[in-house]
Amino acid sequence: MNIKFLYFAGKPVVGFNVNSQLVNKMNLIINFYPNNTIKKKIVRMFLLFLVFTKLDYFFLRKNSDLIIKIKQLAPIDCAQVLIRFHTLEEKSRCYCFYINNDNEFKYFGKIAFNEKNSKLLIKESTVLKNVNYKNISIPKFYSEVNYMDGSYGFSTNAIAGCYREHQKQSPYIPEVLLHRLQKNICSYNYTDIIDFNWWQIFNSSIEFPIFSNKLLTCFETNKPILLSCAHGDMGSENILENNSETYATCINNLVIIDWERYCEYAPYLTDALGYWLGYHHQHILLSPSGSQDIYSLFCEEFIAKYQDDILAVYLALAYLIAVKYDLASILAKSINDNLEIK
């Protein structure tokens with residue numbers, strides 16, 4: 001089996017049996033990125049020419065077990081495979097793009113290389129097999145493999161059509177999308193939620209004591225706590241829309257991917273807050289730790305919109321912290337630091 005290397009969107013991609021025709025169609029095969037500037041497009045096209053670099057050639061040659069795993073997960077009609085490491089340094093998982101003899105992207109797979117990532121992928125595959133949404137498309141589960149070393153992988157059918165990353169028009173999640181995600185909204189009280197795993201994880205943390213105390217004081221209002229199904233990671237990269245449709249049309253034909261943080265009993269504003277964080281992700285990441293700017297933006301936009309249910313807002317943030325959503329932790333530190341100043 002020939003092993004060659006590609007770069008796509010600036011990230012190392014490993015290709016098995018990759019031919020020149022496939023290289024020319026890379027932008028059509030993996031179109032999960034937003035429309036970039038002309039400068040970025042030129043850079044990406046240049047990177048695609050770096051097909052035969054030997055950057056990680058010897059790594060793969062020494063790790064035949066990885067190749068075996070990829071072969072085991074490959075569908076029988078797979079002719080070629082593109083592999084992209086999620087984190088090249090840690091090599092904790094990889095994404096596989098399975099191509100048929102007609103150079104069509106037919107299946108997408110994920111393989112985890114450690115126990116932590118395996119648990120996340122097992123959770124996601126369970127969701128894909130069992131959760132149904134009437135008005136939201138999700139990847140169709142295809143197959144799974146439990147490997148001898150305890151790692152895990154699964155594959156789904158490729159998403160048909162030419163899709164792009166969702167182009168957010170505002171920091172607020174479209175109401176039609178939020179309502180479709182919020183299945184089975186139910187009312188609970190504080191004694192009910194203390195048994196949920198996400199609450200126990202958050203409540204045992206000592207990282208944001210001032211924010212935690214602020215949340216606990218909100219329970220004193222005895223306001224009902226609304227929980228519902230939540231995706232848990234509503235960043236733009238996990239919402240795909242048809243590249244050929246207008247915003248008004250495509251908002252009704254979205255495909256939602258990456259269901260690792262899905263929960264059946266999450267605070268009902270979880271996805272609304274996740275969407276807001278995703279909209280401002282560059283600003284949040286570039287701001288100094290504990291920045292007052294982040295806190296002010298949060299108050300001016302998100303708190304102002306949901307000011308009638310501050311408990312729900314803080315609970316949504318607590319949930320995202322519990323599931324290790326990095327942007328949520330940055331926001332919580334900003335809230336924690338600025339409440340302390342006051």
Side-chain angles (χ1 to χ4, degrees), residues 116 120 168 170-173 178 188-228 230-238 260-263 265-342:
K116 177 183 177 181
L120 289 172
K168 293 183 175 179
S170 85
Y172 307 116
I173 189 170
L178 182 61
Y188 295 83
N189 56 43
Y190 177 70
T191 56
D192 295 322
I193 72 164
I194 59 176
D195 292 327
F196 289 118
N197 185 56
W198 61 266
W199 174 255
Q200 293 174 358
I201 292 172
F202 170 78
N203 203 36
S204 63
S205 171
I206 58 173
E207 192 173 359
F208 312 110
I210 298 174
F211 167 67
S212 297
N213 288 335
K214 180 71 173 178
L215 172 55
L216 290 174
T217 59
C218 290
F219 285 116
E220 296 174 2
T221 62
N222 292 319
K223 190 178 181 70
I225 300 168
L226 298 180
L227 303 182
S228 70
H231 177 275
D233 192 358
M234 276 283 104
S236 295
E237 69 278 4
N238 293 332
E260 297 174 15
R261 291 188 173 98
Y262 173 84
C263 182
Y265 301 101
Y268 83 104
L269 289 181
T270 295
D271 287 332
L273 180 56
Y275 192 95
W276 184 88
L277 289 167
Y279 182 86
H280 289 296
H281 76 280
Q282 288 188 336
H283 176 72
I284 294 172
L285 291 174
L286 293 174
S287 297
S289 178
S291 169
Q292 183 177 358
D293 188 29
I294 298 175
Y295 177 67
S296 298
L297 183 63
F298 177 64
C299 292
E300 292 168 7
E301 289 189 356
F302 203 80
I303 291 286
K305 183 174 177 64
Y306 297 104
Q307 58 185 329
D308 293 335
D309 201 350
I310 301 299
L311 173 58
V313 172
Y314 285 158
L315 273 177
L317 182 55
Y319 174 83
L320 292 174
I321 292 169
V323 297
K324 312 298 183 186
Y325 191 59
D326 292 342
L327 294 176
S329 295
I330 296 173
L331 173 59
K333 183 173 184 354
S334 178
I335 295 172
N336 196 78
D337 291 356
N338 285 280
L339 287 177
E340 183 177 30
I341 293 172
K342 291 183 177 183

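Only heavy atoms go into these numbers, but all of them, side chains included; no hydrogens, no water, no symmetry mates. Everything quoted here is computed from the prediction, not taken from an experiment.
Two residues are said to be in side-chain contact when any heavy atoms from C-beta on lie closer than 4.5 Å; Leu227 and Pro267 meet this criterion.
Heavy atoms only, all atoms of each residue included: Thr191 and Asn189 are closest at OG1-OD1, 2.6 Å. Among all heavy-atom pairs drawn from His283 and Ser287, the shortest one is O-OG, 2.6 Å. Here the shortest heavy-atom pairing between Lys333 and Phe208 reads N-CE2, 3.6 Å. In terms of heavy-atom proximity, His231 sits nearest to Asp271 at N-OD2, 2.9 Å. Nearest heavy-atom pair, Phe202 versus Ser212, reported as atom, atom and distance to 0.1 Å: CZ-OG, 3.6 Å. Ile206 and Pro209 get closest at one heavy-atom pair: O-CD, 3.6 Å.
A donor-acceptor pair under 3.5 Å is absent between the side-chain atoms of Ser296 and the main chain of Asp293, judged by distance alone. The backbone N or O of Asp233 lies less than 3.5 Å from a partner atom in the side chain of Asn238, making a donor-acceptor pair. The closest donor-acceptor contact from the side chain of Ser334 to the backbone of Tyr295 lies under 3.5 Å.
Atoms CD1 and CZ, on Ile335 and Phe211 in that order, are 5.5 Å from each other to the nearest 0.5 Å. Between Lys324 atom NZ and Asp326 atom CG the span is 10.0 Å, to the nearest 0.5 Å. Atom OH of Tyr172 and atom CG of Leu273 lie 12.0 Å apart (nearest 0.5 Å). The distance from atom CH2 of Trp276 to atom NE2 of His281, rounded to the nearest 0.5 Å, is 13.0 Å. In this structure, CD on Gln282 lies 11.0 Å from CG on Leu327, to the nearest 0.5 angstrom.
More than 12 heavy atoms of other residues, nucleotides or ligands lie within 6.0 Å of CZ in Phe298, so this atom counts as buried by the packing criterion. In this structure, Asn213 places its CG atom where more than 12 heavy-atom neighbours from other residues, nucleotides or ligands lie under 6.0 Å away.
With ring centers used as reference points, Phe302 lies under 6.0 Å from Tyr306.
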Can you give each donor-acceptor pair under 3.5 Å made by side-chain atoms of residues 309-321, sequence neighbours left out, with the distance rounded to 0.1 Å?
from, atom 1, to, atom 2, distance (Å)
Asp309, OD1, Ala312, N, 3.2
Asp309, OD2, Tyr268, OH, 3.2
Tyr319, OH, Arg261, O, 2.8

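Remark: Tyr262 engages Trp259 in a ring pair (Phe, Tyr, Trp, His ring centres under 6.0 Å) (not counting sequence neighbours). Every ring pair (Phe, Tyr, Trp, His ring centres under 6.0 Å) that Phe219 has, sequence neighbours left out, goes to Tyr190, Trp199.
Each of Leu297, Ile330, Leu331 was compared with Ile284 under the side-chain contact (heavy atoms from CB on, under 4.5 Å) criterion, and only Ile330 meets it.
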